[in-house]
Amino acid sequence: MNTIHNRQVINDVLVEKAFQDKQIVVLCSDSRGSASLAEFAKVHPRQFVETGIAEQNIVSIAAGLASCGKKAFVASPACFLSTRSMEQAKVDVAYSNTNVKLIGISGGVSYGALGMTHHSTNDIATMASIPNMRVYFPSDRHQTKRLIEALLTDQKPAYVRVGRNPVADVYTESACPFVMDHASLARAGSDVTLIATGELVDPAIQAAQILEKQGISCRVIDMYCIKPLDREAVLQAARETQGLVVLEEHVAIGGLGSMISQLIASEYPVKFKSLCLPDEPAIAGKSPEVFAHYGLTPENIAVQAAELIGR
Amino acid sequence: MDNLTATAFKIRQDILDTVVNCKAGHIGGDFSVTDILTTLYFQQMRIDPLQPKDPNRDRLILSKGHSVEALYAVLANRGFFPLEDLKLVSAYGSKYIGHPTTKVNGIEANSGSLGHGLSVGVGMALAGQMDQAPYRVYIVMGDGELAEGSVWEGAMAASHYQLDNLCAVIDRNGLQISGPTEDVMGHENLEARWTAFGWHVIKAAGNSTEAMNTAFELAKTIKGQPTVIIAETIKGYGVSFMENAAPWHHKVPNAEEYHLATAELAAKRGAAL
């Protein structure tokens, strides 16, 4: 099992690139440790800004830096970044179109036992609903690396969510089929499709392996790009398979399932199921325990997918 | 060119015309902040309307964004866009919307939601510090705006990073939409609050271009900490019946009021020349 956190990969990419690119600035809100950015702060102190525990301030400061040509990366817990500073993200980043990348760390239910204050289970709803804000949930460290490298080459706002814990590799360094703003096909299949994002891509692949043993060919789409959504990948799956199951570490309202169901309802109606977190404070526990509690396990995903297509 | 005071009264006429034309706006706060903006754009700031993106230009954020008519009128008179364009303010499909927008030449940041400008300005000033750039950053806030907690997050960061290239101005007119600021949410010991946050504080008569000019000159000499100028102003300044009257926060003058105001502004402009 991989032991390298996605957040560590973000640090590694930024540390490396910042030697050449002096416009890169990383900002933390007393979060350099939890964001694995202590190394960046140490290696590039002149390109690092500490704001203290002030999530509104950090986003606006990043926007000011960006308006003067800096490439600002804000790393702060997703739970705070996506709600407490939502207005700063809306006004100073998205509306002002500043080159600010908001990195939500310890996303979803990563802080499992710490309670709802520390869960970010509605950050797709908040961030994706802001015009001009892109939203990405990378699934593993290899994809995270490619995503951050891609984000360094553009000038537009984005929100990225990564979890707190290391996650299993979905790809390998040499085989990470990354094309910016195009979903990655994690597994080919023709009977049913699982569309997953972030940490649920790995359970989706495991579910597909279970289904394969039952003679069901299951496609797995890694929708790391939640906004802009890869509409064509969804519609192609709708046309080519018998049903779609969407998996996300997010509540149903305003999440990836909402977005995909809207799309297929208007463009290509097909059987659909959403597996996600409930509209209530999530129970305490480590991420795998919380996932299991709400049926986000490979076994249950396989059962639900088979049931959806009447198998 | 007219002297600064006369220019400010001319700009007030443009603001009045704009507000009457678009039947909207915040004329009381526009008039209280006019001398501050006029002093900055016509005397203090190193800016060139022909090179609005010069990396070394001074920057200003109107954090009290609802006074946008004043900013539009100042920018138009300073040559950032044609005076004619003031007729488009708040019109259907116009880029000249009711709050500052970077779509308009010369405007550095979108604003409108109060309490953002200072933190954005901290970012601009930090960038200047990192790049050892010569520019200064000016943030103009309202006094009612100081109830926003984010202002104080920005204030903390500015002094922490010793941003002496940052100058905040508080348009201290003492009135907000619901009445006197001290009744709505008091700012007791305002000077001491900013001092406690590590700022150098200057008090100045905010409707005197001369006093504001002196204050801005003094602010440039302060090193190792940011400066805030508490500009003591009169809401609605320049038109006697609008002065210190909370309803003129966003009232639109009728025909009679328009003529009275026009005559008064012309007289004051004439007296200043």
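So that the names make sense, note that chain A is the first sequence line, chain B the second, and so on, each numbered from 1. All heavy atoms count here, side chains included; hydrogens, waters and symmetry mates do not.
The structure places CG of B/Leu71 at 13.0 Å from CZ of B/Arg78, a figure rounded to the nearest 0.5 Å.
Inspection of non-hydrogen atoms places A/Arg46, A/Val49, A/Glu50, A/Ala54, A/Glu55, A/Gln56, A/Asn57, A/Ser60, A/Ile61, A/Gly64, A/Leu65 of residues 27-66 of chain A under 4.5 Å from chain B. Listed in order of number, the residues of residues 80-110 of chain A that approach chain B to under 4.5 Å between heavy atoms are A/Glu87, A/Gln88, A/Val91, A/Asp92, A/Tyr95, A/Ser96.
By the 30° and 60° cut-offs, the orientation of the rings of B/Tyr138 relative to B/Phe216 is perpendicular. Aromatic ring orientation, B/Phe197 versus B/Trp152: tilted (interplanar angle from 30° to 60°).
In terms of heavy-atom pairs under 4.5 Å with chain A, the best-connected choice from B/Leu118, B/Asn110, B/Thr101, B/Thr102 is B/Asn110.
Residue B/Lys103 qualifies as open at atom NZ: its count of foreign heavy atoms under 6.0 Å is 12 or below. For A/Glu280, the CD atom is densely surrounded, since the number of other residues' heavy atoms within 6.0 Å is greater than 12. Counting heavy-atom neighbours within 6.0 Å of B/Lys87 NZ, excluding the residue itself, gives a total of 12 or less.
Across every non-hydrogen atom of B/Met124 and A/Ser67, the tightest pair is CE-OG, 3.4 Å.
Take B/Thr39 and apply the side chain to side chain donor-acceptor pair (under 3.5 Å) test, not counting sequence neighbours, and it matches no residue. Under the side chain to side chain donor-acceptor pair (under 3.5 Å) criterion, B/Asn56 pairs with no residue, sequence neighbours left out.
If you check the side chains of A/Ser287 and A/Arg164, you find no donor sitting under 3.5 Å from an acceptor.
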